[in-house]
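Please read the structure below before turning to the comments.
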Amino acid sequence: MTSPLASRFAPSPTGSLHLGNLRTALYAWLVARRAGGRFVLRIEDTDRMRSDEAKIAELIEDLTWLGLDWDGGPGQDDGTGPYRQSERAASHEAAFGKLLAGGHAYPCYCTEEELEAERQSALRQKRPPRYSGRCAVLDAAGRAAREAEGRRASLRFRLPPGQRLAWDDLVRGPQSFRSDDLGDFVIRRADGSAAFLSSNAIDDAAMGITLVLRGEDHVANTPRQRVLIEALGATPPQYAHLPLLVGPQHAPLSKRDGAMSVRSLRERGYLPGAVANLLLRLGHSGAEDGYHEVAAMPAQFDLKALGHAPAHVDELQLNHWQHEALLRCEDAALVDWVRGKTPAGLELATVATLRKNILLKADAERWCGRLYGSLEDPDAEARSVLAAAGPAFFDALLAAGACDYDALVTAAKGTGAKGKGLFQPLRLALTGTLEGPELRPVLALMPPELIRTRFERARALSTV
RNA sequence: GCUCCCAUCGUCUAGAGGCCCAGGACACAGCCCUCUCAAGGCUGGUACGAGGGUUCGAAUCCCUCUGGGAGCGCCA
């Protein structure tokens, strides 16, 4: 029993993943999981630029972090591997031989300089810069002459002239390109390596991929890849092209957008659920309101609910989902935020106390300083609150003898303080700020000596 | 230069001619609750890029403009 749908994510391990890549991966995974189909992860490290293991490991780590898994891919075999493109060269070669034999490909002897000159002159004449096809008409003698010159040939795919190349895009609807507008494209470089356009398509066909979901920067590649696959005697997959993501200034989200790289998001403390919930809504309206666990997202995803306009990444919304994710996650998932910044053994308790009042790792660090370290200088508002409480207030706290919440509140009430007039100076004296978690658990965390020090400090400040 | 795609609150979006003086979510403001903040509850403000058509009627259809995105590689 074979599954009807197979989708894939095919990143090249150059640079680190940004939100746009991650969204493509998530969506491809969601369609597969929703349909009960296969999801394949294929690493597109070309054989010429063999990628380093660290980048591949990082890629896998980022995807796993989000909650994605794959039926075929690194560490998981479904019989359609290998899953590194650099290990599929033999299959590419076989395909090139087949195309050559069928007259669908021809050697091209043009050098990069010649092609560049051709492009420039086309541009000057205000014409689209595409390959003229001059090597397509070479006869045996012409080829021999060029080889005698020592030229090394690349291989180009011969597009059928005067045709309308059409397909039904699952997101964008009916699409159509004129073959004459595209130009014959390189499928194998002069150095013998397979070019993206061909290897990507050949692998999809060979791995039984039935749905290619990718960014809309690939739409113009689609007609070429479809004819190539058909020339190989296979059936092209269906295609779905997502509008790209744009960043803060309507600018495209690029790999340079460091703040939006999965890496830096993770380092700042964003949780996978937060990122996934944001991505689920960027350009997609199929999900019900509210937070969804990644595992439950496939039911919330619908290809037909994808928009056609570029979507804008908004940090405020990411923060909202971060808040939601924070309320739901295990305390244990957050201990890394405070490790080494609390007294030994208090990591979990600290996290449990803080989690509703912090958003990111930096907030946790700031709070660890307040609970166990030293306080910053008070601002004008803080000074006036302390002064209003007066030294007698803090004398009473110091005299209480105990440092638990009930004892201290009782002692403070003895001075006649109540309500805001009680809790504001108490909180301020202890934590240096007017906002934060409930005082009872905060007091339970702080060392008694530190509590006394803080009261003494507040008392001194209150007399100024 | 040429080709293609897109255009609703600050942001993500609902809306496929009358149900829309435009709905939801986030953010924002006010109130309630509360030891603070958050959470929760209630209330509120904010949008159909511009101009022309078509129609009894347009956010929805057509054209132009403007704005944004993508592509035109021996990059992926």
Side-chain angles (χ1 to χ4, degrees), chain A residues 10-15 44-46 48-49 85 108 110-112 115-116 119 122-131 152-156 169 171-173 175-178 181-183 185-197 199-200 214-221 241 243-246 248 250-252 278 280-290 305 307-321 323-324 326-327 355-359 385 405 409 412 417-428 431 433-440 442:
Chain A
S12 78
T14 58
E44 301 223 334
D45 58 337
T46 56
R48 47 148 45 172
M49 165 198 80
Q85 197 163 63
C108 171
C110 300
T111 64
E112 293 195 45
L115 292 170
E116 183 56 29
R119 262 193 295 277
L123 239 24
R124 271 195 300 279
Q125 293 166 53
K126 307 191 174 185
R127 299 187 39 219
R130 74 176 67 95
Y131 180 61
R152 299 184 64 190
S154 65
L155 215 53
R156 281 186 191 268
D169 193 282
V171 173
R172 297 159 63 98
Q175 305 286 305
S176 163
F177 282 73
R178 298 187 338 171
D181 282 346
L182 297 171
F185 55 94
V186 169
I187 55 179
R188 186 179 64 193
R189 304 186 185 93
D191 67 4
S193 63
F196 162 79
L197 228 34
S199 55
N200 180 263
R214 55 183 9 177
E216 75 172 9
D217 47 334
H218 288 289
V219 281
N221 292 334
H241 290 94
L244 269 19
L245 257 29
V246 291
H250 283 287
L278 176 76
L280 182 64
R281 272 112 180 152
L282 280 179
H284 174 249
S285 58
E288 290 166 34
D289 283 346
H308 296 187
H312 188 133
V313 179
D314 182 11
E315 197 162 353
L316 285 176
Q317 298 200 29
L318 176 57
N319 285 346
H320 166 70
W321 295 118
H323 192 91
E324 295 288 322
L326 228 29
L327 293 178
R355 58 185 293 158
K356 285 186 178 162
N357 290 272
I358 56 177
L359 206 56
V385 169
Y405 177 85
V409 169
K418 59 178 181 180
K420 252 191 169 114
L422 188 165
F423 289 100
Q424 282 200 337
L426 180 57
R427 171 177 291 281
L428 205 49
T431 66
T433 173
L434 284 169
E435 51 184 55
E438 290 185 31
L439 282 177
R440 186 187 295 274
V442 164

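The basis for the numbers below is simple: all heavy atoms, side chains too, and nothing from hydrogens, waters or symmetry mates. In what follows, every chain begins at residue 1, and chains take the letters A, B, ... in the order their sequences are listed.
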Any chance the side chains of A:Arg189 and A:Ser193 put a donor and an acceptor closer than 3.5 Å? yes
Please state how far atom CG in A:Leu197 lies from atom C1' in B:C72, giving the value in whole angstrom units. 13 Å
Below the 4.0 Å mark, does B:C74 have OP1 or OP2 next to a side-chain nitrogen or oxygen of A:Arg188? no
Starting from P on B:C75, measure out to CG on A:Asp45 and report it in whole angstrom. 16 Å
Between A:Asp181 and A:Arg130, does the side chain to side chain contact (heavy atoms under 4.5 Å, CB included) criterion hold? Intermediate values first, please. CA-CA 8 Å; A:Asp181 282 346; A:Arg130 74 176 67 95; 4.0 Å; yes
Sticking with atom C1', work out how far B:A39 lies from B:C33, rounded to a whole angstrom. 11 Å
Between A:Lys420 and A:Pro425, what is the shortest heavy-atom contact and its length? O-CD, 3.6 Å
Closest heavy-atom pair, A:Ser154 versus A:Ala190, reported as atoms and distance to 0.1 Å, is CB-N, 3.8 Å
Nucleotide B:C72, atom P - distance to CZ of A:Arg130 in whole Å: 11 Å
When rounded to whole Å, the NE2 to C1' distance for the pair A:His308 and B:A14 reads 15 Å
Of the listed B:A7, B:C12, B:G73, the closest approach to the A:Ala309 side chain comes from B:A7
Distance (rounded to the nearest 0.5 Å) between A:Leu428 CG and A:Thr433 OG1: 7.5 Å
Pairing partner (Watson-Crick or G-U wobble, both distances under 3.5 angstrom) of B:C65: B:G49
Distance between the C1' atoms of B:U13 and B:C20, in whole angstroms? 16 Å
Please state the P separation for the pair B:A58 and B:C48 - nearest whole angstrom. 16 Å
How would you label the contact of A:Ser285 with the nucleic acid (heavy atoms, under 4.0 Å): base, sugar-phosphate, or nothing? sugar-phosphate
Value rounded to 0.5 Å, distance of NZ in A:Lys418 from CG in A:Leu422: 11.0 Å
Does the cation-pi check pass for A:Arg156 over A:Phe185, that is, NZ or CZ under 6.0 Å from the six-membered ring centre and within 45° of its axis? no
Can you check whether A:Arg189 has a side-chain N or O nearer than 4.0 Å to OP1 or OP2 of B:A76? yes
Closest nucleotide of RNA chain B for A:Ala305 versus for A:Pro11: which of these residues is on the 5' side? A:Ala305
When both distances are under 3.5 Å in a Watson-Crick or G-U wobble arrangement, the nucleotide paired with B:A70 is B:U3
Pair partner, B:C26 [Watson-Crick or wobble, under 3.5 Å]: B:G10
Taking B:G10 as the reference, what is the distance to B:G71 when you measure between their C1' atoms (whole Å, please)? 31 Å
Looking only at heavy atoms, which two atoms of A:His323 and A:Lys356 are closest? And how far apart? CE1-O, 4.1 Å
Which letters describe nucleotides 22-27 of chain B, given B = protein heavy atom under 4.0 Å from base, S = only from sugar-phosphate, - = neither? --SSSS
For A:Val186 and for A:Gln125, locate the closest nucleotide of RNA chain B by heavy-atom distance; then report the residue assigned to the nucleotide nearer the 5' terminus. A:Gln125
Side chains of A:Asn357 and A:Glu435: donor-acceptor distance under 3.5 Å anywhere? no
Does the side chain of A:Val313 come within less than 4.5 Å of A:Leu318's, by heavy atoms? no
Which is true for A:Arg119 with a 4.0 Å heavy-atom rule: it touches a base, it touches only sugar-phosphate, or it touches nothing? sugar-phosphate
Shortest side-chain distance from A:Arg281, nucleotide among B:C6, B:C74, B:C12: B:C12
Gap between atoms CD and C1', on A:Glu315 and B:C12 respectively (whole Å): 15 Å
Side chain to side chain contact (heavy atoms under 4.5 Å, CB included) between A:His312 and A:Val246, worked out: CA-CA 5 Å; A:His312 188 133; A:Val246 291; 4.2 Å; yes
Could you walk me through whether A:Arg281 and A:Trp321 pass the side chain to side chain contact (heavy atoms under 4.5 Å, CB included) test, one step at a time? CA-CA 11 Å; A:Arg281 272 112 180 152; A:Trp321 295 118; 3.6 Å; yes
Base partner of B:C21, which must satisfy Watson-Crick or wobble distances under 3.5 Å: none
Roughly how many Å is it from CG in A:Leu123 to C1' in B:C2, rounded to a whole number? 9 Å
Looking at B:U54, which nucleotide sits across from it as a Watson-Crick or G-U wobble partner, both distances under 3.5 angstrom, or is there none? none
Between the protein and nucleotides 64-71 of chain B, list every N/O to N/O distance that falls short of 3.5 Å.
unit_1, atom_1, unit_2, atom_2, d
B:G69, OP1, A:His250, O, 3.4
B:G69, O2', A:Glu216, OE2, 3.3
B:A70, O2', A:Glu216, O, 3.3

To the nearest angstrom, how far is A:Arg214 atom CZ from B:A76 atom C1'? 11 Å
When you compare B:G51 with B:A59, how far apart are their P atoms, in angstrom units rounded to a whole number? 13 Å
Tell me the interatomic distance from A:Gln175, atom CD, to B:U3, atom C1', rounded to whole angstroms. 13 Å
Euclidean distance for P, B:C61 against B:A16 (whole angstrom): 10 Å
Of the non-hydrogen atoms in A:Gly307 and A:Pro243, which two are nearest, and what is the gap between them? O-CG, 3.2 Å
Between B:G24 and B:G15 - C1' atom distance, rounded Å: 12 Å
Is A:Leu155 touching bases, backbone alone, or none of the nucleic acid, heavy atoms closer than 4.0 Å? nothing
Contact list (N/O, under 3.5 angstrom) for nucleotides 31-38 of chain B vs protein:
unit_1, atom_1, unit_2, atom_2, d
B:U36, O2', A:Leu434, O, 2.7
B:U36, O2, A:Gly436, N, 2.8
B:U36, O2, A:Gly436, O, 3.1
B:U36, N3, A:Arg427, NH2, 3.1
B:U36, N3, A:Gly436, O, 2.7
B:C37, O2, A:Asn357, OD1, 2.2
B:C37, O2, A:Gly436, O, 3.4
B:A38, O2', A:His323, NE2, 3.4

Inter-nucleotide C1' distance (B:U46, B:C12), Å rounded: 16 Å
Nucleotide forming a Watson-Crick or wobble pair with B:G40, both distances under 3.5 Å: B:C32
Interatomic distance, A:Asn221 atom CG to A:Asn200 atom CG [nearest 0.5 angstrom]: 8.0 Å
